[in-house]
A.B. asks: 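Attaching a single structure in structure tokens format; questions to follow.
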Amino acid sequence: MAQGKGDIGLIGLAVMGQNLILNMADHGFTVVAFNRSVEKVHAFLANEAKGKSILGAESIQDLVSKLKSPRRIMLLVKAGAAVDSFIQQLVPHLEKGDIIIDGGNSEYTDSERRCKDLQVKGIRFVGAGVSGGEDGARYGPSLMPGGNKEAWPYIKDIFQSIAAKSDGQPCCDWVGNEGAGHFVKMVHNGIEYGDMQLIGEVYHLMLAIGINQEQMANTFEEWNKGELDSFLIDITKDILKFKDSDALNCYYYISLKDLNKI
Ligand code: NBP
């Protein structure tokens, strides 16, 4: 179905990459998909991506050749060495003004370094925090792009189209230079982990003074109607309402699962 050149390339066909590609395609963009293990490209094209504006690439060179200029290439791979490896493989095939976006959970200091190194080569680097896990990637993540600001006019439309909306406004704007996007994502996660710690301590205190699971769930439900209204308070209520013979393990299991979505 996809014809012509791609608007953006995306490398990394795990949970985040696949869902972000489907989200971009739903918003009218043509995406070129690539993955280190190329069989995942074939499987994605034959299944989830079938009939959508999604092209596959067999190699880095193939990916680059299928993109409009300036080329926009987003990485959603394991943070660390995999990001440096793909940047190294991409650079010889890119031209001045092309854009590399790292959407993984990279250390902001790595993004600072990558932004500086690529600027010397004329490549625009963006380190973008992506939040919301699998569902967010598919239906609207919060996006925190930062890095080389010259890239922003070329990615703004895609990013703000696919982002979650709050009161009609996209949950995405340019956050600053170099590693700013990943710094903001780190602070964002820090706040969320602080929230989880507070919820854990409240649970512990309630348990210690003899409040039962149902009473706890009702309290969290009440809190969720006021100032504390949030995803974490809401799922805590759901977890506490869940009937299980081993409720403590159940709470722990679901918390870890949800932590991975942040
Ligand atoms: P993963 O973090 O599990 O990474 C899987 C991808 O990385 C695959 O494409 C894999 O290729 C590739 N990869 C690995 Br692993 N090692 C590689 C290497 N040495 N060289 C090249 N490619 C390599 O995927 P994810 O859970 O979709 O997350 C992607 C990024 O988004 C991560 O940085 C993650 O921290 C971040 N994030 C995740 C979530 C979430 O809810 N999962 C939320 C927000 C942010 P292969 O298929 O060939 O093995």
Side-chain angles (χ1 to χ4, degrees), residues 8-24 31-49 54 56-64 73-93 100-111 113-114 125-147 159 162-164 171-172 175 179 181-193 195-196 231-232 235 253-262:
I8 184 164
L10 197 142
I11 300 178
L13 296 184
V15 179
M16 295 301 285
Q18 290 203 16
N19 282 294
L20 212 67
I21 291 173
L22 295 172
N23 184 356
M24 288 172 177
V31 191
V32 186
F34 181 64
N35 194 69
R36 174 181 64 167
S37 316
V38 181
E39 62 272 16
K40 288 194 186 161
V41 177
H42 304 152
F44 183 52
L45 290 183
N47 295 289
E48 296 85 347
I54 299 167
E58 298 288 327
S59 65
I60 291 284
Q61 201 167 359
D62 188 29
L63 168 77
V64 171
I73 299 167
M74 184 159 184
L75 304 174
L76 266 161
V77 296
K78 193 176 173 187
V83 177
D84 285 315
S85 162
F86 272 121
I87 291 175
Q88 212 175 4
Q89 293 174 61
L90 279 165
V91 167
H93 302 284
I100 298 176
I101 306 154
D102 172 20
N105 273 337
S106 294
E107 288 245 12
Y108 77 93
T109 47
D110 283 344
S111 300
R113 167 178 57 77
R114 289 166 185 149
F125 177 82
V126 176
V130 177
S131 178
E134 182 176 348
D135 284 352
R138 181 68 186 87
Y139 300 108
S142 164
L143 296 169
M144 299 148 245
F159 268 47
I162 64 165
C171 299
C172 169
V175 298
H182 283 127
F183 185 85
V184 172
K185 175 75 199 280
M186 177 184 71
V187 172
H188 160 103
N189 278 359
I191 292 168
E192 202 122 28
Y193 297 157
D195 248 7
M196 290 179 71
F231 172 76
L232 288 178
I235 60 164
Y253 166 71
I254 297 177
S255 295
L256 282 183
K257 209 164 124 255
D258 284 304
L259 179 67
N260 195 34
K261 285 188 186 167
I262 293 168

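These figures come from a predicted structure and were not determined experimentally. We count ligands from 1, going down the list as the structure has it; atoms in each ligand are counted the same way. FYI, the numbering just counts along the sequence from 1.
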A.B. asks: Report the distance from atom CD1 of Ile73 to atom CG of Leu90, rounding to the nearest 0.5 Å.
C.D. replies: 4.5 Å
A.B. asks: Would you mind running through ligand 1 and noting each atom that sits below 4.0 Å from a heavy atom of Gly133?
C.D. replies: 41 (O)
A.B. asks: List every atom of ligand 1 that sits less than 4.0 Å from any heavy atom of Lys40, numbering the atoms from 1 in the order shown and giving each element.
C.D. replies: 46 (P), 47 (O), 49 (O)
A.B. asks: Quick one: does ligand 1 sit under 4.0 Å from the side chain of Ile11, the backbone, both or neither, non-hydrogen atoms only?
C.D. replies: neither
A.B. asks: Which ligand 1 atoms are under 4.0 Å away from a heavy-atom of Leu13?
C.D. replies: 9 (O)
A.B. asks: Given that the side chain starts at C-beta and the backbone is N, CA, C, O, which of these parts of Ser85 lies under 4.0 Å from ligand 1, counting heavy atoms, or is it both or neither?
C.D. replies: neither
A.B. asks: Are the side chains of Ile101 and Pro145 in contact, using a 4.5 Å heavy-atom criterion?
C.D. replies: no
A.B. asks: Geometry only, no angles: is Gly17 polar-contacting ligand 1 at N/O separations under 3.5 Å?
C.D. replies: no
A.B. asks: What distance do Ile162 atom CD1 and Leu22 atom CG have between them, rounded to the nearest 0.5 Å?
C.D. replies: 11.0 Å
A.B. asks: Main chain of Gly146, side chain of His182: is a donor-acceptor contact present, judged purely on distance under 3.5 Å?
C.D. replies: no
A.B. asks: Say whether, by atom type as modelled, one donor and one acceptor occur between the side chain of Lys185 and the main chain of Val130 under 3.5 angstrom.
C.D. replies: yes
A.B. asks: Using a strict 4.0 Å threshold on nitrogen-to-oxygen distance, state whether Asp110 and Arg113 make a salt bridge.
C.D. replies: yes
A.B. asks: Judged on heavy-atom distance to atom 20 (N) of ligand 1, which of Ala82, Ser37, Ala79, Gly129 sits nearest?
C.D. replies: Ala82
A.B. asks: Is Lys185 touching ligand 1 with its side chain, its backbone, both, or neither, if touching means heavy atoms under 4.0 Å apart?
C.D. replies: side chain
A.B. asks: With side-chain contact (heavy atoms from CB on, under 4.5 Å) as the test, would you mind laying out the steps for Ile60 and Phe86 before giving the verdict?
C.D. replies: CA-CA 9 Å; Ile60 291 284; Phe86 272 121; 3.8 Å; yes
A.B. asks: Nearest heavy atom to atom 31 (O) of ligand 1: which of Gly104, Ser142, Pro141, Gly80 does it belong to?
C.D. replies: Gly104
A.B. asks: Decide whether an N or O pair under 3.5 Å exists between Lys78 and ligand 1.
C.D. replies: yes
A.B. asks: For atom 12 (C) of ligand 1, state which one of Asp135, Val77, Leu75 supplies the nearest heavy atom.
C.D. replies: Val77
A.B. asks: For Gly12, counting its heavy atoms only, list the atoms of ligand 1 lying under 4.0 Å from any of them.
C.D. replies: 9 (O)
A.B. asks: Can you name the atoms of ligand 1, numbered from 1 with element, that are less than 4.0 Å from a heavy atom of Asn35?
C.D. replies: 8 (C), 9 (O), 11 (O), 46 (P), 47 (O), 48 (O)
A.B. asks: Crowded around Gln89 CD? As in, over 12 foreign heavy atoms under 6.0 Å?
C.D. replies: yes
A.B. asks: For Lys40, is there any backbone N or O sitting under 3.5 Å from a side-chain donor or acceptor partner on Asn35?
C.D. replies: no
A.B. asks: For Val130, take its heavy atoms, then give the atoms of ligand 1 lying under 4.0 Å from any of them.
C.D. replies: 44 (C), 45 (C)
